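See below for the structure under consideration.
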Amino acid sequence: MKRRREVGDGSSSDGPHPPKWKAVTLDPQLLSGLQGEGFSMLEELDEGEAPMVFQHRRGTTRKEANDKKGAARDADAAATVADGPSKRNREIKKKKKPSYRDDDARAALLRALKAKKRSQEASAASPAPAPAPAPARPSADDLWEELPSLLERLPDWECLDYGGEALLHPAVLRALLDRGFTTPTPIQKATLTPALRDRKDIVGAAETGSGKTLAFGIPIVCSLLISADRKKQRYIEKMHKRAERGEDVDMDAEPMADEPMLRSLVVLPSRELAVQVAAHLQAIMGYTNLKCVCVVGGMAVPKQHRLLDQKPQVLVGTPGRLWALTGGLNPALSAGESHPYLSDLSGVRHLVLDEADRLIEKGHFRDLTSLLDKLYTQCMARDQLQAFVFSATLAMPPRPDKSLPPKKKKKKQKQKDLSATTSVPDEGCLELQPLMERLRLRPKRLFTVDLTTSTQDKTTYGGEDTDADAGSGGLAGAQGGVVKVERQRVDREGAGKVKAGVKLPEGLMLTMLHCASKDKEMHLMLFLLQYFASSPSASSASRVLVFVNAITYVYRLDPLLSLLLHTSGNHSNVMVAGLHANLKQAQRLKRMDRFRSSGRGVLVCTDVAARGLDLPQVDAVIHLQPPRDPPTFVHRSGRTARALREGLCVCFCGPGDVTHWNRIFSAIGRDPRQAPPPPQMAAVTSREIADGRRVFALANEIEKAEHKMSKEKREKSWMQRTAEEAELPWNDDDHGGQDDSDDELSTSESALRRRLSERRAQLEAELEKLCTQLA
Ligand SMILES: Nc1ncnc2c1ncn2[C@@H]1O[C@H](COP(=O)(O)OP(=O)(O)OP(=O)(O)O)[C@@H](O)[C@H]1O
């Protein structure tokens, strides 16, 4: 509230209703310095508002005066900071009831105003300061000079150096160093030399999380860089020769850039995986000018066209979208949506089939085989195309026993499609022979490495023995030796014969939880409550994947677990999300991102998340329902215990699952009877189980009621919308199936909501009690 008080002669007026002026006694000192500056009056504000301001008749507006007031405050604040807190507090108190008796204060105000004006003028005259320059990326020459120091810091990668010539490009070494990858993983060690030095086709099987992505990523990036360097080298030599012949040459000129062409094609079976692999490759290309883009189904075609306009050297994608963009017909895309950059694949030098066994399953193989046919037709000179085939579940073809007489060849069957002819031995692990034929892999160029069985392969390469784990490769191989694979049986597990192509990571703890089928979800609840309660600290990241076999089950479990884990007091920061193939691609990626960035999270998912995904800090994988086959079990379980970390795998087993689990355990060479219960459940008492049942029943009831309510609401709004679109009259009573008036309806709805919130409060209290018991 403002009160005006008359100062001076009182001749000022405020329009038709002038305020009632009242005489105020002012200190003559306050006015002494203001004579002759057009000063006419003071405006006094009540406490809490700004201090008194001077209003000048000479065109100074209220806004300007306020600006000045702000500047004065800034100047005062700046002046008081240096005086320490106590003095500053006194100053602030003073400012609440300022007094301009003091000439210094007035002078400070005028100084501050002048300073503000000067700084405004200066900033208007000079452009905004340029942002601090990003640290310059070292040039290719710098990186070559850095090579010795890089190798010194990465001695384990140095073994891949041979004959004094670096096998790995320094730009890649630098990126590996940045990521802290100081040692190659066994599969990387085993494959890099034959892939890079001898350009062998690589077929590799290694456990989940063992770094297979870089086992093909590094050779691809290095070979692209090295061939660019060689081209430059050849150009420089040519220029030197011309200079020697006395020709006038510009030695600083760069060689003419080739027309960009696609050089490497990486095919994966799932969209999330393609996005992840592309990111992985981009990370090791950080010090290069190479481009890698990702194209997958479910994403906007124009956006993917824009990505292809960049003419990337490396393209990662799923078979359907790749085939469509290369000009194939795909019902998902109409004709004409292919991209010209992909019409010519003759420049492709690397082809990768990651998760190869999944790629040739139904649903992918048609697009894949069409793509391969086009690729091989265009790359007529097969020698230029190097293939990489990887998976955690590949069964290598058995070594032919030369002591036996050769089998009579059967009449050659016409192979119509890959999936029809691919043999699937050992509970679903793909045997490679038909795939190799399809890929036109030739034995002479083939290098296979299998680190998935407990029978360790010893790979003989070009006649000299080399340990696959050492990967140092015999030099004879370089002269075109024949690859032989000899198996030395080393029984690691001591648990009987292990089938080919199914090996779990070393750090995985395999457990089994037996319970009645109807109690599975209740036990899941108890496990999760215990699990998060026993995590080292509430702030440490910890994530769990719960696998089920049906999308409808995800729909049911996701909200139920959200209710339980959000409601339960001290675990309220556990994020629960569902993931399945029926979600739109953008939704899938968004949920994955949310899960990745959640401190503590549970992802309820179908097998769409089983393969390849490298989610950080997944400490436990739960098979609430047994997977369909051993490879799926291996892939699901492999989402944890990655890169030599530890992880927990919990197999929920109801009476109906026993046979299924026996089959899977037998395939991985384990005895299900010897699998212990998960440690989190070992101490759970029968009383806690009884309490758990009660809590779970309550949560189930709430979830069902909430689901019913939201379903009715959705249906009603859908029907109303449809009626409106069809211009039909809409009456709630007709369609709601109730005779209540609007008021009665809303009353019953609000009563229901009230009941639900009471039940929620009850659930919260019961969960709190249960958590305390479990702790
Ligand atoms: N040399 C290395 N040193 C340390 N970590 C590595 C190395 N190479 C890869 N990694 C890390 O290991 C993890 C697993 O790698 P990757 O996803 O390539 O495994 P994978 O064998 O393809 O697994 P999956 O079979 O499940 O697809 C990743 O987080 C990756 O960054």
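Both ligands and their constituent atoms are indexed starting at 1 by order of listing. Quick caveat, the model's predicted, so the values are computed rather than measured.
The contact set between ligand 1 and Lys212, taken as ligand atoms under 4.0 Å from a residue heavy atom, comprises 18 (O), 19 (O), 20 (P), 21 (O), 22 (O), 23 (O), 24 (P), 25 (O). Of all atoms in ligand 1, numbered sequentially from 1 with element shown, those under 4.0 Å from a heavy atom of Glu355 are 27 (O). If you number the atoms of ligand 1 from 1 as listed, the ones under 4.0 Å from a heavy atom of Arg639 come out as 26 (O).
Of the possible polar contacts, none joining the Asp156 side chain to the Pro184 backbone as a donor-acceptor pair under 3.5 Å is found. Of the possible donor and acceptor atoms, none in the side chain of Arg639 sits under 3.5 Å from a partner among the backbone N and O of Leu545. One N or O on the side chain of Gln276 and one on the backbone of Gly612 form a donor-acceptor pair closer than 3.5 Å. One N or O on the side chain of Gln313 and one on the backbone of Lys291 form a donor-acceptor pair closer than 3.5 Å. Formation of a donor-acceptor pair under 3.5 Å by the Gln625 side chain with backbone atoms of Asn549 is found in this model.
For atom 12 (O) of ligand 1, the closest heavy atom belonging to the protein is Ala643 CB, 3.4 Å. The protein atom (non-hydrogen) at minimum distance from atom 18 (O) of ligand 1 is Thr213 OG1, 2.7 Å. Closest to atom 31 (O) of ligand 1, if we only count protein heavy atoms, is Phe181 CZ, 3.1 Å. Among all non-hydrogen protein atoms, the one lying nearest atom 13 (C) of ligand 1 is Asp614 OD1, 3.7 Å. Looking only at heavy atoms of the protein, atom 8 (N) of ligand 1 is closest to Gln188 NE2, 2.9 Å. The nearest heavy-atom contact from the protein to atom 17 (O) of ligand 1 is Arg642 NH2, 3.0 Å.
At a heavy-atom distance under 4.0 Å, only backbone atoms of Thr183 (N, CA, C or O) approach ligand 1. Both the backbone and the side chain of Thr208 come within contact range of ligand 1, each with a heavy atom under 4.0 Å.
Considering Gly211, Pro186, Pro616 only, the shortest heavy-atom separation from atom 19 (O) of ligand 1 involves Gly211.
Ligand 1 lies out of reach of His635, whose nearest heavy atom is not under 4.0 Å from it. No heavy atom of Ala206 sits closer than 4.0 Å to any atom of ligand 1. Residue contact annotation: Arg611 has no non-hydrogen atom under 4.0 Å from ligand 1. The shell of residues lying under 4.0 angstrom from ligand 1, judged by heavy atoms, excludes Gly638.
Below 3.5 Å of separation, one finds an N or O of Ser210 facing an N or O of ligand 1. At least one N or O atom of Gly209, backbone or side chain, sits closer than 3.5 Å to an N or O atom of ligand 1.
Relative ring orientation between Phe388 and Phe390 is described as parallel, the plane-to-plane angle staying below 30° on a 0-90° scale split at 30° and 60°.
Counted by atom type alone, Gln386 and Arg349 present zero donor-acceptor pairs between their side chains at under 3.5 Å.
A salt bridge is absent between Arg543 and Asp619: the closest approach of a Lys/Arg side-chain nitrogen to an acidic carboxylate oxygen does not fall below 4.0 angstrom.
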Side chain to side chain donor-acceptor pair (under 3.5 Å) between Asp607 and Thr632, intermediate numbers included: CA-CA 8 Å; Asp607 287 334; Thr632 309; 5.0 Å; no
Residue pair Asp593, Lys590: steps toward the salt bridge (charged side-chain N to carboxylate O under 4.0 Å, His left out) verdict: CA-CA 5 Å; Asp593 277 349; Lys590 210 165 145 190; over 6 Å; no
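With ring centers used as reference points, Phe633 lies under 6.0 Å from His623.
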